[in-house]
Participant: 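A single structure is presented below for examination.
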Amino acid sequence: MIRHIRWCAYFCALLLVALLVNVARVQVWESAAYGANPANKRPVIERYAEPRGDVLVDGKPVTGSRDSGQLLRYERTYRHGPLYAPVTGYSSQTYGTSFVERAEDRILSGIDPGLTAFPLWYDLARGRPAGGNAATTVRARVQLAAYTGLAGKRGAVAAVEPATGKILALVSSPSYDPSVLSGTGARVKEAWARLNADPAKPMLNRALRETYPPGSTFKIVTAAAALDAGVVTDVDAPTETPDPYPLPGTSTLLPNHATGCQDASMAEAVQWSCNTVMAKIGVRVGLRRMVEAARRFGFNDDGLRVPSWVSRSNFDTDMSQDQLALSSIGQFNTRATPLQMAMVAAAVANGGELESPYLVDRTTQDDGSPVRRTGRRSLGRAMSPATALRMQELMVKVVENGTGKNAAIPGAVVGGKTGTAQHGVGNAGTPYAWFIAWAQAEGTALPGVAVAVVVEDAAADRGDISGNLAAAPIARAVMEAALSGR
């Protein structure tokens, strides 16, 4: 009898060991798989069990959290949602996250190890610290000026601080209210379907994700390339360019919308936006040097993050001479995001040095204690300092006595460049109106802002002057707002 009890005890001990081994297998080796299983709702419930951290503008939250009383307890709310949607993105219990909400999700949701000095304690306790905050570089008055200036028209504005790369404004129009996507249920699904079906594409971040033919604003890149390459040594010298200009190797004649472009100098070509002169200069610079110049300004870069990813701006690397001529004036396959063209203006304003643009200045704990700060990072030299100085002078002439007079700001030095980008089959679409610029307040050592504006549905003539009519006033308002706080 005692022997039978002993064997029973051995068997029970074996079962206990097997149970402990299985528990260890489930909780240690297979815990990640169970945690990631779609049927496991605990991570989702825990994610929304506490309020989410906030996205800050000028130190004030533009986001919030609302107790819904549902299983997924806290829903995201947005203050001035359409104004800041291109910055914040959305945080949806149904559709996930986008833009800063996505890029800084670990901080905002409270799972980043940097939010506490004792991350292991929270792991053992199966808890987490309060969500942290993401403080953006955006300035409220600059953002509002850009949003108000577009006034619902399709288009975008990007404004940066040339010396640091801080993004001061990022606006896409038309916009949407991210709060309609925050929760769950039929209402959210209907809003998602409606927004995605809207032909105006309100959820498209045109400032970061849409690329446009930059038109004549690209002539700044071409002019800088010509100066750096020594193709043009005297900006005031005649270029012996006919009007119209025969595209190399073809019978096609390239016309001008401006007058007085025959045999114009490069300075006059920038001032009055002569297609013929700049196309010829681009051909003289040559494909290899034009590609390299565009790369230095940020074109053909697949890796730009702000921290959200930015669409690649394109300048073809394999072209015939006639295609190079068109590309050199921002046509053919040349395409750019508004942020990219703001970077072009910023490089000129910053003496040729191109700073990497960024949108999140720092992340903090819930009580404001710092977690991480974004440091300045140079993308390299887009042009020599001497070339940058000369380009500043040319862009100032555009505003003082050229196609960009509507961007002038009393008491400030402003340099700019207008542009009209044709598009559509046979260029039948309404041209996009562009304006890029930089501004320096009186009594300051450096330009304080660089901006790019594109208006898709501009009601204007086809000439390059349309950038002055539709886009330059918006740029002026944005620059005034940026300089007023300095």
Side-chain angles (χ1 to χ4, degrees), residues 87 100 103-104 134-139 142 158-170 207-208 214 217-218 220-229 289-315 317 336-363 370 372-395 415 417 436-441 444-452 479 482 486:
V87 177
V100 168
E104 300 297 344
T136 70
T137 58
V138 171
R139 290 171 53 193
V142 184
V160 301
E161 188 174 68
T164 63
K166 291 180 179 180
I167 296 176
L168 306 179
L170 200 68
L208 298 181
T217 58
F218 190 81
I220 297 302
V221 177
T222 302
L227 288 170
D228 270 348
R289 290 187 295 196
M290 279 298 300
V291 169
E292 179 59 24
R295 184 197 63 77
R296 292 195 300 269
F297 276 96
F299 284 80
N300 299 338
D301 181 1
D302 293 308
L304 186 62
R305 300 289 186 273
V306 295
S308 306
W309 64 270
V310 181
S311 292
R312 177 182 187 268
S313 296
N314 180 73
F315 187 83
T317 59
T337 62
L339 178 61
Q340 171 60 67
M341 295 314 297
M343 291 165 62
V344 169
V348 173
N350 196 38
E353 190 76 15
L354 181 60
E355 299 293 328
S356 181
Y358 64 97
L359 189 56
V360 176
D361 182 58
R362 65 191 182 280
T363 53
R372 281 184 291 274
R373 179 177 286 274
T374 304
R376 289 171 53 184
R377 181 171 66 89
S378 173
L379 294 177
R381 184 159 287 283
M383 71 199 94
S384 71
T387 293
L389 182 60
R390 187 55 54 89
M391 292 306 305
Q392 289 176 12
E393 294 171 353
L394 297 184
M395 292 181 73
K417 182 69 190 80
I436 65 172
W438 52 266
Q440 180 175 349
T444 59
L446 297 170
V449 60
V451 63
M479 291 186 293
R486 295 184 66 82

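The figures here come from the full heavy-atom set of this structure, side chains too, leaving out hydrogens, waters and symmetry mates.
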Participant: Flag yes if more than 12 heavy atoms outside R296 fall under 6.0 Å of its CZ atom; otherwise flag no.
Facilitator: yes

Participant: Specify the closest pair of heavy atoms between R376 and Y358, including all atoms of both residues, with the distance to one decimal.
Facilitator: CG-OH, 4.5 Å

Participant: Going by heavy atoms in the side chains, are F297 and F315 under 4.5 Å from each other?
Facilitator: no

Participant: Is T374 close to K166 at the side-chain level, that is, under 4.5 Å between some pair of heavy atoms?
Facilitator: no

Participant: Does R377, at its CZ atom, have more than 12 non-hydrogen atoms belonging to other residues, nucleotides or ligands within less than 6.0 Å?
Facilitator: no

Participant: Please give me the minimum heavy-atom distance between G448 and L168, naming the atom from each residue.
Facilitator: O-CD1, 4.1 Å

Participant: For a side chain to side chain contact (heavy atoms under 4.5 Å, CB included) check, start with the C-alpha distance between M383 and L227, then their side-chain angles and the critical distance, and finish with the verdict.
Facilitator: CA-CA 9 Å; M383 71 199 94; L227 288 170; over 6 Å; no

Participant: Under a 4.5 Å cut-off applied to non-hydrogen side-chain atoms, are I220 and L394 in contact?
Facilitator: no

Participant: For residues D301 and S313, determine if any side-chain heavy atom of one lies less than 4.5 Å from a side-chain heavy atom of the other.
Facilitator: no

Participant: If you define the side chain from C-beta out and look only at heavy atoms, does anything of R362 sit under 4.5 Å from P370?
Facilitator: no

Participant: Side chain to side chain contact (heavy atoms under 4.5 Å, CB included) between T337 and L208: does it pass, once the steps are laid out?
Facilitator: CA-CA 6 Å; T337 62; L208 298 181; over 6 Å; no

Participant: Below 4.5 Å, heavy atoms only, C-beta onward: do L446 and Q440 meet side chain to side chain?
Facilitator: no

Participant: Work out which heavy atom in G352 is nearest to a heavy atom in A388; give both atom names and the distance.
Facilitator: N-CB, 3.4 Å

Participant: Is there a side-chain contact between V160 and M343 in this structure, where contact means two heavy atoms from C-beta onward sitting under 4.5 Å apart?
Facilitator: no

Participant: Do T217 and V344 pass the side chain to side chain contact (heavy atoms under 4.5 Å, CB included) test, and can you show the C-alpha distance, the side-chain angles, and the key distance before you say yes or no?
Facilitator: CA-CA 9 Å; T217 58; V344 169; over 6 Å; no

Participant: Establish, from distance only, whether the side-chain atoms of S384 and D228 form a donor-acceptor pair under 3.5 Å.
Facilitator: yes

Participant: May I ask you to test the F299-Q340 pair for a side-chain heavy-atom distance under 4.5 Å?
Facilitator: yes

Participant: Between R390 and E393, does any NZ, NE, NH1 or NH2 come within less than 4.0 Å of an OD or OE carboxylate oxygen?
Facilitator: yes

Participant: Between T363 and R372, does a side chain to side chain contact (heavy atoms under 4.5 Å, CB included) hold up when you go through it step by step?
Facilitator: CA-CA 5 Å; T363 53; R372 281 184 291 274; 3.6 Å; yes

Participant: On a heavy-atom basis, which atom in P307 and which in A103 lie closest, and how many Å separate them?
Facilitator: CG-CB, 3.4 Å

